[in-house]
2 protein chains.
Amino acid sequence: MTELSTMKDGVANQAEASDRVLQILAEAGRLFASKGFEGTSMRDIALACGISKSLLYHHFSNKDEIYARVAVGSTLELYLFVRDRIPDGPPSQKIRAFMVATAEYFRRYRWAWIASTTAFWNDPDRHRHKERLTRRDRFENFLRGLIQEAIDAGEIRKVDVPMTGRLILSSLNWMHRWYNPNKSATPEQIADIFFDMIFNGLRSGELVELPTAEPPKAGRRKSR
Amino acid sequence: MTELSTMKDGVANQAEASDRVLQILAEAGRLFASKGFEGTSMRDIALACGISKSLLYHHFSNKDEIYARVAVGSTLELYLFVRDRIPDGPPSQKIRAFMVATAEYFRRYRWAWIASTTAFWNDPDRHRHKERLTRRDRFENFLRGLIQEAIDAGEIRKVDVPMTGRLILSSLNWMHRWYNPNKSATPEQIADIFFDMIFNGLRSGELVELPTAEPPKAGRRKSR
DNA sequence: GCCGGGCTTGACCGATCGGTCGGTGAAAAC
DNA sequence: GTTTTCACCGACCGATCGGTCAAGCCCGGC
């Protein structure tokens, strides 16, 4: 039921869906995330929802559509979710906000996130696969824009932009494999730690402001 | 056939296996990696090998055993493979070597790597799951040891060791999702770039040697 | 009363799943 | 020359897969 409520208020294009549909999407997402698409049967989903298998076909035309609503339907939302949480300010802090917002999305829509980032990454459905890539590209290009912005502003050095984006996204995308909601920090805190490590580096040594650089931002390190 | 030869000379505990067994493991690994465990049928594997389905059961007792030989059987080897490629020298360079060696393993045993890091990550088989976790822990603890070593030597600042390990492994573990063998750099080169980003940081600014630090190592950045 | 229309169901379908079985043919062992 | 061994195959099994269908159930409007 917690899945249900968090999904309702977050994923915009599913706002008008009935409770039953939201329940099915929540349970299906959880199952897809834990057992994969092929490993999850329609009977499994029906059993988890406490309904008959036939009812699934009353609300959805087939298994693919359920998956599409779970995984594909929320990929666009990720971009919108994150974009709306980027504050005005120095570009490097926008990157930090990008990472924290992505982590928040992961925490709130965990099963949909896992299903969309792990299962079906080589989708046999050509059209849907293409659409997912388009949405994914929009999300990644947004990050690359922030990185380029930070380079232009002189806040980060002239690194390879796509490669930097991949490093940042890797740290976030892999989180679901080791994150334990009962232990350690929140996803947002973890994203903040990763930003610090990637931005400031692990290396010991004094950091000295460049004369041309903008005024110092929050969270700067002065070595140990 | 290339899969076959690379697998034969690399994965030690499969050295005595017949060509047919190696062929099955290679094709099965490729299929598991692209379609997942549940999404790959025994008929698929047999067809890919150009043999009958019955022959699979002549060489393996069941589908699980094939998966175990593909994924679990090579996880220990990853640790040994990487350990043997860590040179003597400054701890930070050991970390770099760790990343490069892991990337080399990824390049050479790509399908086994993908199968072991993606499919079946919540294994219904309790015993095998536990064994995989043990092997995985050994690999990760080895990295954490290197990180602690670098901290003790004063080469990297006092960061959270497990979290640092997760950041480094994330960058490597996610590589299979975007790496294109026909384009861009080799996995080893990518690992080197990631090490530079994580070790030196993205941040602009002059780095000044600490007086107590050891003599400079290769690859140091002197700002932009 | 009763009637129409969504929500819900169990029985059922053809296809495919992992796995088994008896048998073949050729080389190795005796 | 006979027997044993072994890689290999086609036919087949029960179970489960995704999906269909006709028929009930429930409930507000008449």
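Given the structure is predicted, the values throughout are model-derived calculations rather than measurements. By convention in this document, chain letters (A, B, ...) are assigned in the order of the sequence lines, proteins followed by strands, and residues within each chain are numbered from 1.
B:S92 places no side-chain N or O within donor-acceptor distance of the main-chain N or O of B:E155, the cut-off being under 3.5 Å.
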Pick out the pairs of N or O atoms, protein on one side and nucleotides 6-8 of chain D on the other, that lie under 3.5 Å.
from, atom 1, to, atom 2, distance (Å)
D:dA7, OP2, B:H58, NE2, 2.4
D:dC8, OP1, B:R20, NH1, 2.8
D:dC8, OP2, B:H59, NE2, 3.3

With 3.5 Å as the limit, what N/O pairs link the protein to nucleotides 23-26 of chain D?
none

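Here D:dA15 presents its C1' atom at 16 Å from CE of B:M42, a figure rounded to the nearest Å. Atom CD of A:E38 and atom P of C:dA15 are 19 Å apart (whole Å). To the nearest angstrom, C1' of D:dG19 lies 12 Å from CG of A:D64. Rounded to whole Å, atom P of C:dT20 lies 14 Å from atom NZ of B:K63. Atom CG of B:N62 is separated from atom P of C:dG19 by 5 Å (rounded to the nearest Å). One interatomic measurement links the two molecules: CG of B:L56 to P of D:dC9, which rounds to 10 Å at whole-angstrom precision. Note: CZ (B:R43) to C1' (D:dC12) measures 11 Å, nearest angstrom. Look at CG on B:D44: it is 16 Å from C1' on C:dG19, rounded to the nearest Å.
Looking at the side chain of A:Y57, the nearest of the listed nucleotides C:dT20, D:dT20, C:dC17 is D:dT20.
In this structure A:D88 satisfies the side chain to side chain contact (heavy atoms under 4.5 Å, CB included) test with no other residue, sequence neighbours excluded. Scored by the side chain to side chain contact (heavy atoms under 4.5 Å, CB included) test, A:D137 finds A:N141 as partners (sequence neighbours excluded). Under the rule for a side chain to side chain contact (heavy atoms under 4.5 Å, CB included), the partners of A:K94 that lie at least two apart in sequence or sit in another chain are A:I86, A:L146, A:E149. The side chain to side chain contact (heavy atoms under 4.5 Å, CB included) test applied to B:T186 returns B:E188, B:Q189, not counting sequence neighbours.
With no hydrogens or angles considered, no side-chain donor-acceptor pair links B:Q23 and B:D19 at under 3.5 Å.
Counting atom types as modelled, A:K53 pairs a side-chain N or O with a base atom of D:dG19 as donor and acceptor under 3.5 Å.
Between A:L25 and A:W111, the closest side-chain pair of non-hydrogen atoms is not below 4.5 Å. Side-chain contact between B:F37 and B:I66 is absent, with no heavy atoms from C-beta onward closer than 4.5 Å.
Seen from the ring of A:F81, A:R85 counts as a face-on cation partner, given the 6.0 Å and 45° thresholds.
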